[in-house]
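Quick note: residue numbers are just sequence positions, from 1. For the numbers below, each heavy atom of this structure counts, side chains included, while hydrogens, waters and symmetry mates do not. Worth saying up front: this structure is predicted, and the values here are computed from it rather than measured.
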Amino acid sequence: MGERRKYKKAKRKESTFKNELRYLVLITFICLILGFVLAFVTGNVPSFLDRTIQKQADRIVSEKVKDVESEIMEKVKKENMDDVIKKYKDKAKGLR
């Protein structure tokens, strides 16, 4: 049969830091939930969400407008360069 140990294995105590950290995270989570509930009940959350969504929509629209503007500018520059090249070619033909 197996031998019996003379000494019991000592159980490691959980560090107090881990326990305190768990409680801190739990309390923080509960406070956040209560804060959201309170803000929703008072009506501040919907206006906050509306403002956030509006800001994102404005940002997306401004990026799209900038993209379209850059495309238009490239087209205009290309057309203008073609006109300038034709103009100088016509002048060069007239000088010959």
Side-chain angles (χ1 to χ4, degrees):
M1 294 196 143
E3 293 180 21
R4 290 186 127 194
R5 293 184 181 196
K6 290 183 180 179
Y7 303 103
K8 288 184 179 180
K9 262 189 174 178
K11 290 184 180 178
R12 292 184 72 188
K13 292 182 181 178
E14 287 189 31
S15 68
T16 56
F17 177 73
K18 284 186 179 179
N19 285 337
E20 289 175 359
L21 186 63
R22 278 190 203 141
Y23 288 126
L24 179 65
V25 169
L26 182 66
I27 291 170
T28 304
F29 187 68
I30 290 171
C31 288
L32 284 173
I33 291 173
L34 289 175
F36 281 124
V37 168
L38 182 64
F40 190 74
V41 168
T42 59
N44 291 335
V45 171
S47 64
F48 172 73
L49 290 176
D50 288 341
R51 282 184 274 141
T52 304
I53 292 170
Q54 186 64 35
K55 284 180 184 179
Q56 288 179 350
D58 290 343
R59 182 181 51 86
I60 290 170
V61 167
S62 67
E63 288 175 359
K64 294 289 183 185
V65 167
K66 286 180 183 177
D67 290 342
V68 170
E69 283 179 356
S70 64
E71 289 175 10
I72 291 172
M73 290 301 290
E74 287 176 11
K75 265 187 177 178
V76 168
K77 286 180 182 178
K78 187 175 181 182
E79 289 175 5
N80 287 344
M81 289 299 289
D82 290 340
D83 292 340
V84 170
I85 291 171
K86 286 179 186 176
K87 182 178 172 182
Y88 282 113
K89 281 185 180 178
D90 291 341
K91 283 187 179 181
K93 284 181 184 177
L95 293 174
R96 289 187 186 173

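The hydrophobic clustering, which links ILVMFWY residues whose side-chain heavy atoms are closer than 4.5 Å, places Ile33 and Val41 together. In the hydrophobic cluster analysis, where Ile, Leu, Val, Met, Phe, Trp and Tyr join through side-chain heavy atoms closer than 4.5 angstrom, Phe29 is grouped together with Val37. Residues Ile30 and Leu38 do not share a hydrophobic cluster, defined by chaining ILVMFWY side chains whose heavy atoms lie under 4.5 Å apart.
Of the N and O atoms on the side chains of Asp58 and Gln54, at least one donor lies less than 3.5 Å from an acceptor on the other residue.
Separation of atoms CZ (Phe17) and CG (Leu21) is listed at 5.0 Å; rounding is to 0.5 Å.
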